[in-house]
Amino acid sequence: KDITTREIKIKKTKIHKSVADYHVPDANENNFKVISRTLTKEQAIEEASRCLYCDEICDVCTSVCPNLALFSYNVEPVRYNLPNGVFEVTQKPQILHLADWCNECGNCNTFCPSSGAPYKEKPHLYLNYNAFEKEKEGFYFDANEKNIIKYKTDDVLYTLTKNEGFYDYQFGKNSLKLNTDTMEIISSDLIDINEEELDLKNAALMSLVLQGAKQL
């Protein structure tokens, strides 16, 4: 069944009966043993309706963070055929880690229903440039420049600027113009790299993080 993000969030606010509600004391014996009766069709349907679609959207980490350092946002699924391989995102709900606000308390790690640690694994977005400069890896977004996202990793600074119909993508002495819909190269000015060595996965990732940052 198709279900929207809004419907899932509403569903998570409702209280359902638990399986324990169908476990009752054995009335035929003078003891307190618990038996599990076979569910009726109606009970089985009700029990199945408890599914909260955690594989589609979880967001538990956003609700348990005392500093609101985890932010949920939506993107449209994308599939880009890049020079170095396919970049694909199929899930609409995504999470950003607002690194400036995080004190690494571990709450999100404790309550995550999977084995993840959101404060470590989600894209680290900095809103303070001084904090961003001190880190080895992360994204930076300036609310006054809503179409620009910066990313730093392996001592290389990447900048992606969204324009009408294309991205300006700069790293080192190199610059590219990329199609906003396909991430295909429109034009390039490569100084210390050739097209065979291009890895555009960072550009694709930056475009998704920029979408989230603009929703803050």
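- With a 4.5 Å cut-off on side-chain heavy atoms, L200 and I185 count as touching.
- Ring pair Y151/F139: centre-to-centre distance below 6.0 Å.
- For the pair K152 and Y140, the NZ or CZ position fails the cation-pi test of under 6.0 Å to the six-membered ring centre and within 45 degrees of the ring normal.
- Once rounded to the nearest 0.5 Å, the distance linking NZ of K150 with OG1 of T161 reads 7.0 Å.
- Here the CG atom belonging to L70 is positioned 11.5 Å from the CG atom belonging to L125, to the nearest 0.5 angstrom.
- You'll find the side chain of P77 stays beyond 4.5 Å of the side chain of V89, heavy atoms only.
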Take K162 and L210 through the side chain to side chain contact (heavy atoms under 4.5 Å, CB included) test and state the conclusion after the steps. CA-CA 9 Å; K162 186 176 183 181; L210 179 59; 4.2 Å; yes
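- Linking ILVMFWY side-chain heavy atoms closer than 4.5 Å, directly or via other members, places V75 and V86 in two distinct hydrophobic clusters.
- No side-chain heavy atom of M183 sits less than 4.5 Å from a side-chain heavy atom of V78.
- In this structure, the separation between CG on D168 and NZ on K177 is 7.0 Å, given to the nearest 0.5 Å.
- For D100 (side chain) and L127 (main-chain N/O), a donor-acceptor pair under 3.5 Å exists by modelled atom type.
- Between F132 and Y129, the ring planes are tilted. Angles from 30° to 60° get that label.
- Each of F166 and L205 belongs to its own hydrophobic cluster when Ile, Leu, Val, Met, Phe, Trp and Tyr are linked at side-chain heavy-atom distances under 4.5 angstrom.
- When all heavy atoms are compared, the tightest approach of E88 to T90 is OE2-CG2, 3.7 Å.
- The local environment of NZ in K214 is crowded, with over 12 non-hydrogen atoms from other residues, nucleotides or ligands closer than 6.0 Å.
- Side-chain N or O atoms of N103 include one that pairs as donor or acceptor with a backbone N or O of C105 at under 3.5 Å.
- Under the 4.5 Å side-chain heavy-atom criterion for ILVMFWY residues, no single connected hydrophobic cluster contains both L157 and L198.
- Between K173 and I191, the shortest heavy-atom distance links the atoms O-CG1, 3.1 Å.
- At a threshold of 4.5 Å between non-hydrogen side-chain atoms, the residues L176 and L190 count as touching.
- With rounding to the nearest 0.5 angstrom, the OG atom of S207 is 6.5 Å from the CZ atom of F87.
- Residues D142 and I148 are not in side-chain contact: their nearest non-hydrogen atoms beyond the backbone lie 4.5 Å or more apart.
- Across all their heavy atoms, F71 and G212 have their closest contact at CE2-O, 3.5 Å.
- Within the model, atoms CE of M206 and OG1 of T159 stand 6.0 Å from one another, a figure rounded to the nearest 0.5 Å.
- No side-chain heavy atom of V64 sits less than 4.5 Å from a side-chain heavy atom of T110.
- H97 pairs in a side-chain hydrogen bond (donor to acceptor under 3.5 Å, both in side chains) with only one of the listed residues (E121, K120, H124, K122), which is H124.
- Taking both residues in full, the closest heavy atoms of L178 and A203 are given as CD1-CB, 3.9 Å, listed atom of the first, atom of the second, then distance.
- For the 3.5 Å distance criterion, the side chains of N174 and D192 qualify, holding a donor opposite an acceptor.
- With values rounded to the nearest 0.5 angstrom, F171 atom CZ is found 13.5 Å from T153 atom OG1.
- Cluster annotation: Y126 and Y158 are assigned to distinct hydrophobic clusters (Ile/Leu/Val/Met/Phe/Trp/Tyr, side-chain heavy-atom contacts under 4.5 Å, transitive).
- Residue Y119 is not grouped with residue I95 when hydrophobic side chains (ILVMFWY) are merged at heavy-atom distances under 4.5 angstrom, including chains of intermediate members.
- N202 places none of its side-chain heavy atoms less than 4.5 Å from the side chain of L160.
- The shortest distance between side-chain heavy atoms of L96 and F141 does not fall below 4.5 Å.
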